[in-house]
Amino acid sequence: MGIIVQKFGGTSVATPEARHALLNHVKKCKDEGNDVIVVVSAIGRNGAPYATDTLINLLEQINPTIIPQKKDLLMSCGEIISCTLISHFLDTNNIPSEALTGFQAGIITNDNFNNSEIIHIDTTTIKNNLAKGKVVVIAGFQGITASGQITTLGRGGSDTAAVAIGGYIKAERVDIFTDVPGIAKVDPRVVSIAPYISSISYDDIYKLAYHGAKVIHPRAVMTAKQFNIPVRVRSTFSNDLGTLISDKDVPYNDNIVGLALEKDFSYIKVEKEVLSQSDFLKNPDILLKKSENFLEAYYHKDHIDYPLDIEENSYFEKKDHIGQISIIFHENPEDETKKNLQDFLIHANLATQDIFWSDDRLAILLPLDHITQTVQSLYAHYH
Ligand code: ASP
Ligand code: MG
């Protein structure tokens with residue numbers, strides 16, 4: 001028996017039912033003889049009083065320009081409230097526990113405020129508490145710089161905190177508890193019949209997560225791979241084991257890992273000279289099309305700053321509200337497969353605006369309001 005890290009997301013700590021389910025998972029894991037570390041996110045989603053977005057709103061209402069250190073200080077409070085509450089709840093249910101902020105837990109980060117990276121975890125305090133037989137409940141999403149300033153790990157960063165804690169303390173496994181039963185081939189909110197995957201490799205889930213599958217944070221996957229620690233994504237509300245993420249390469253009979261969706265893309269078309277010198281083009285995530293006179297670019301507004309210092313009237317065309325569907329392949333598909341898929345896209349009369357192939361991904365760009373229907377058609381085509 002070893003150490004198991006159990007991470008619970010915002011919806012998994014928000015209601016009495018969820019907290020009871022959490023309690024059962026902790027109890028079961030302890031009863032099996034393990035030491036248990038619980039990592040929690042802030043309670044609820046935007047609008048809930050202590051959710052991260054709600055806290056950010058408090059500051060933005062005063063002034064939307066926020067000093068990054070202060071934003072981190074306030075954002076970190078959400079997880080601190082959550083870990084205190086869950087620890088008190090466990091104590092009350094006869095499971096002695098210790099609540100630790102990220103910094104009390106020894107999580108040291110760099111000083112890239114609002115999106116810091118963990119550079120070390122001093123696990124002494126966690127270990128001392130485990131040795132006393134306590135469950136250690138840690139506030140996710142946060143750490144401290146070497147000079148003592150509070151940091152956060154980027155939105156969705158509680159997953160990364162949980163995996164890193166597991167890695168540094170040499171846990172047997174990290175369980176990420178969430179409100180869906182695991183990782184599906186397509187977001188089950190879009191295709192309700194999409195099957196869940198029982199196991200997936202670090203590399204394959206990274207591709208899905210990076211291109212928009214919300215179920216686990218891509219940086220958490222990278223961290224898991226670095227430490228080679230198995231991670232399970234599973235439901236808070238059942239005992240099913242969900243999806244196991246590990247270094248094991250899983251074969252696919254259709255060569256398709258899954259479909260991922262991303263919103264909030266923008267498109268610009270400009271005369272070639274306007275952009276040719278710009279740093280904007282160096283971003284590897286930009287999808288580019290060059291013709292004789294024009295450059296067309298699709299980019300994710302959340303990932304990079306709005307390009308450019310281009311004069312308003314030099315845009316030939318400009319659109320937002322574009323979505324991206326990525327078909328993620330396990331191995332680079334053969335030309336034949338690519339051609340069939342392209343034919344299907346043409347003949348199925350879908351709202352596709354553009355497609356881009358990279359080695360193991362087909363990116364389909366289209367107006368956001370067609371994304372759901374197009375994913376459903378693609379899914380039906382394959383199954
Ligand atoms: N509460 C943080 C966020 O909303 C971290 C997390 O939930 O993982 O981004
Ligand atoms: Mg999350």
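In each ligand, atom 1 is the first atom listed, and ligand 1 is the first ligand listed.
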Heavy atom of Gly157 under 4.0 Å from ligand 1? yes

Heavy atom under 4.0 Å from ligand 1: found in Ser41's side chain, backbone, both, or neither? side chain

Any side-chain donor paired with an acceptor under 3.5 Å for Tyr298 and Asp354? yes

Are Tyr267 and Tyr299 near enough that their ring centres are under 6.0 Å apart? no

Inspect the surroundings of NE2 in His120 and state if more than 12 heavy atoms from other residues, nucleotides or ligands are less than 6.0 Å away. yes

To which protein heavy atom is atom 4 (O) of ligand 1 closest, and what is the distance rounded to 0.1 Å? Arg155 NH2, 2.9 Å

N or O pair under 3.5 Å between Thr52 and ligand 1: yes

Please determine if Gly156 has a nitrogen or oxygen closer than 3.5 Å to a nitrogen or oxygen of ligand 1. yes

Parallel, tilted or perpendicular: which describes the rings of Phe177 and Phe8, with under 30° parallel and over 60° perpendicular? parallel

Atom 6 (C) of ligand 1 sits nearest the protein heavy atom Ser158 OG, 3.4 Å

For atom CD of Glu60, decide whether the heavy atoms of other residues, nucleotides or ligands shown that lie under 6.0 angstrom number more than 12. yes

Under 4.0 angstrom from ligand 1, any heavy atom of Glu79? yes

Here the pair of heavy atoms bringing Arg19 nearest to Val13 is NH1-O, 2.8 Å

